[in-house]
Enquirer: 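I have a structure here, written as structure tokens, and I will follow up with some questions on it.
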Amino acid sequence: MSNLTSKIVVTGASGQLGQLVATELASRLSDRSFVTLGSRDPVKLEEFAAQGFETARADFDDPSSLDASFEGAETVLIISSPTPNELRIPQLRAAIDAAKRAGVKRIIYTSFTNPSAKSRFGFAAGYEDTEAYLKASGLDYTIARNSQYAENLEGTLAQSKQSDTIAIPSTEGKVAYITRADIAGVLATLLTQDGHANKTYELTGSEALSIRDIAGALSAARGKTVNVVEVDPMEYAKVLASFGLPEFLVDGLIGMYAAVAAGEYAAVSPDAAALLGRPVSPVASYVGRFA
């Protein structure tokens with residue numbers, strides 16, 4: 001364990017990724033009083049407060065809460081919010097502006113693979129805007145471009161348990177999936193190490209896999225064949241909507257499948273393993289746990 005002497009702030013700390021980052025920091029830091037975990041609802045962070053972390057209200061829609069939580073901080077981790085572009089772009093710009101007002105030296109931002117308005121994934125334009133706004137802010141920055149989470153496969157894996165069939169769009173496109181825990185480990189490293197200012201890292205798994213590859217891993221683990229059926233994206237959108245997903249999220253997911261089919265997430269980078277100081281977790285092992 002190590003000590004930290006300069007204040008850092010983690011936004012979105014009550015979310016799935018944020019909680020893993022906090023857990024990772026807890027394992028590395030003997031003194032956690034210099035770490036502020038921010039959330040729209042800090043009550044959700046009580047277990048971390050009991051471990052010695054400071055907690056604060058940090059609401060991207062309330063600049064005054066950001067000013068208060070960022071005060072005195074040297075480094076801020078901005079975890080991108082799961083909202084449509086028209087909300088997320090101004091929210092994250094507001095967070096960067098608040099960091100500037102507070103005198104923050106460096107922002108770490110969780111972006112996404114291929115953050116381009118030309119991407120078939122509509123949310124990518126929001127990531128592109130935030131990266132550009134951050135680089136223009138004059139602050140030191142570290143951009144962590146996360147590939148798709150391995151956990152994104154959970155719905156697909158659950159489906160395969162019921163019918164030994166995966167019915168989904170974009171079955172041939174490959175994705176370099178990475179676990180949320182590995183990304184959290186990388187972010188904890190970036191928060192507690194020097195030498196990462198003004199750098200962009202591509203955080204991916206060690207191999208790119210298609211849904212057919214995933215089905216093959218499941219088949220091997222179960223000892224019986226898991227079939228794959230290519231589904232029309234528009235028909236799949238109706239299925240997603242029937243589950244009660246909001247329209248912006250359905251559109252985003254269908255766009256992501258199109259990006260997968262176009263090979264936008266197939267590139268593999270060594271950055272995550274290098275920052276972790278160990279190999280990333282094999283996705284095949286993750287899939288096997290669901291077999």
Enquirer: Output yes when a side-chain donor or acceptor of Gln159 lies under 3.5 Å from a complementary backbone atom of Ala167, and no otherwise.
Expert: yes

Enquirer: Check the pair Leu77, Val9 against side-chain contact (heavy atoms from CB on, under 4.5 Å), reporting the backbone distance first and the verdict last.
Expert: CA-CA 6 Å; Leu77 169 61; Val9 177; over 6 Å; no

Enquirer: Can you tell whether the side chains of Arg40 and Asp62 come within less than 4.0 Å, N to carboxylate O?
Expert: no

Enquirer: Taking Ser137's backbone N and O only, do any of them form a donor-acceptor pair with Lys100's side chain (distance below 3.5 Å, no angle check)?
Expert: yes

Enquirer: Could you state whether Phe48 and Val43 fall into the same hydrophobic cluster, counting links through intermediate Ile, Leu, Val, Met, Phe, Trp or Tyr residues with side-chain heavy atoms under 4.5 angstrom apart?
Expert: no

Enquirer: Is any side-chain heavy atom of Arg106 closer than 4.5 Å to one of Val104?
Expert: no

Enquirer: Do you see a donor-acceptor pair shorter than 3.5 Å between the side chains of Tyr127 and Asn85?
Expert: no

Enquirer: Evaluate the side-chain proximity of Gln193 to His196: yes if any heavy-atom separation is below 4.5 Å, no if none is.
Expert: yes

Enquirer: Give a yes or no answer on whether the side chain of Lys174 reaches the backbone of Val260 with a donor-acceptor pair at less than 3.5 Å.
Expert: no

Enquirer: Is there a path of hydrophobic side-chain contacts, each under 4.5 Å between heavy atoms of I/L/V/M/F/W/Y residues, joining Ile89 to Ile79?
Expert: no

Enquirer: Applying the side chain to side chain contact (heavy atoms under 4.5 Å, CB included) criterion to Leu134, which one of Asp140, Ile78, Thr142, Ile107 satisfies it?
Expert: Ile107

Enquirer: Ignoring hydrogens and angles, state whether a donor on the side chain of Asn114 or Ser116 is under 3.5 Å from an acceptor on the partner side chain.
Expert: no

Enquirer: Do the side chains of Leu92 and Tyr133 join up, straight or via other hydrophobic residues, at under 4.5 Å, putting them in one cluster?
Expert: yes

Enquirer: Please list, chain by chain and in numerical order, all residues satisfying side chain to side chain contact (heavy atoms under 4.5 Å, CB included) with Leu20, sequence neighbours excluded.
Expert: Arg180, Ala184

Enquirer: In terms of hydrophobic clustering (I, L, V, M, F, W, Y; side-chain heavy atoms under 4.5 Å; direct or indirect links), are Phe248 and Tyr257 co-clustered?
Expert: yes

Enquirer: Quick one, Leu253 and Leu240 - any side-chain contact, counting heavy atoms below 4.5 Å?
Expert: yes

Enquirer: Name the residue from Ile166, Ile214, Leu218, Val287 that meets the side chain to side chain contact (heavy atoms under 4.5 Å, CB included) definition with Thr156.
Expert: Ile166

Enquirer: Does the side chain of Ser119 come under 3.5 Å of the side chain of Glu264 through a donor N or O and an acceptor N or O?
Expert: yes

Enquirer: Check the pair Leu37, Val35 against side-chain contact (heavy atoms from CB on, under 4.5 Å), reporting the backbone distance first and the verdict last.
Expert: CA-CA 6 Å; Leu37 304 178; Val35 181; 4.0 Å; yes

Enquirer: Report yes if the side chains of Asp61 and Gln91 come closer than 4.5 Å at any heavy-atom pair, otherwise no.
Expert: yes

Enquirer: Kindly indicate whether the side chain of Tyr201, heavy atoms from C-beta on, has any atom under 4.5 Å from the side chain of Leu190.
Expert: yes

Enquirer: Run the salt-bridge test on Asp164 and Arg222 with the 4.0 Å N-O cut-off and return the result as yes or no.
Expert: yes

Enquirer: In the hydrophobic clustering that connects Ile, Leu, Val, Met, Phe, Trp and Tyr at side-chain heavy-atom distances below 4.5 Å, which members other than Val239 occupy its cluster, ordered by chain and number?
Expert: Phe243

Enquirer: Is there a side-chain contact (heavy atoms from CB on, under 4.5 Å) between Ile183 and Tyr149? Walk through the geometry before answering.
Expert: CA-CA 9 Å; Ile183 291 174; Tyr149 297 139; 3.4 Å; yes

Enquirer: For a side chain to side chain donor-acceptor pair (under 3.5 Å) check, start with the C-alpha distance between Glu172 and Ser210, then their side-chain angles and the critical distance, and finish with the verdict.
Expert: CA-CA 5 Å; Glu172 303 294 342; Ser210 70; 5.2 Å; no

Enquirer: Under 3.5 Å, is there a donor on one side chain and an acceptor on the other for Ser39 and Ser14?
Expert: yes

Enquirer: Please report the C-alpha distance between Phe112 and Phe121 in whole Å, then the side-chain angles of each, then the deciding distance to 0.1 Å, and finally whether the ring-ring contact (aromatic ring centres under 6.0 Å, His included) criterion is met.
Expert: CA-CA 10 Å; Phe112 194 69; Phe121 179 43; 5.4 Å; yes

Enquirer: Would you say Tyr177 ends up clustered with Val268 if hydrophobic residues are merged whenever their side chains have heavy atoms under 4.5 Å apart, either directly or through other cluster members?
Expert: no

Enquirer: Would you give the length of the straight line joining atom CG of Leu191 to atom CD of Glu24, rounded to the nearest 0.5 angstrom?
Expert: 10.5 Å

Enquirer: Less than 4.0 Å between a side-chain N and a carboxylate O, is that true for Glu54 and Arg32?
Expert: no

Enquirer: Whether Asp129 and Arg93 form a salt bridge (side-chain N of Lys/Arg under 4.0 Å from carboxylate O of Asp/Glu) is what I want to check.
Expert: yes

Enquirer: Heavy atoms, side chains only, cut-off 4.5 Å: are Lys135 and Tyr141 in contact?
Expert: yes

Enquirer: Run the salt-bridge test on Arg145 and Glu202 with the 4.0 Å N-O cut-off and return the result as yes or no.
Expert: yes

Enquirer: Quick one: do the Ser281 and Asp182 side chains pair a donor with an acceptor below 3.5 Å?
Expert: yes

Enquirer: With a 4.5 Å cut-off on side-chain heavy atoms, are Ile254 and Tyr236 touching?
Expert: yes

Enquirer: Taking it one step at a time, do Arg28 and Thr189 satisfy side-chain contact (heavy atoms from CB on, under 4.5 Å)?
Expert: CA-CA 9 Å; Arg28 300 186 186 199; Thr189 295; 2.9 Å; yes

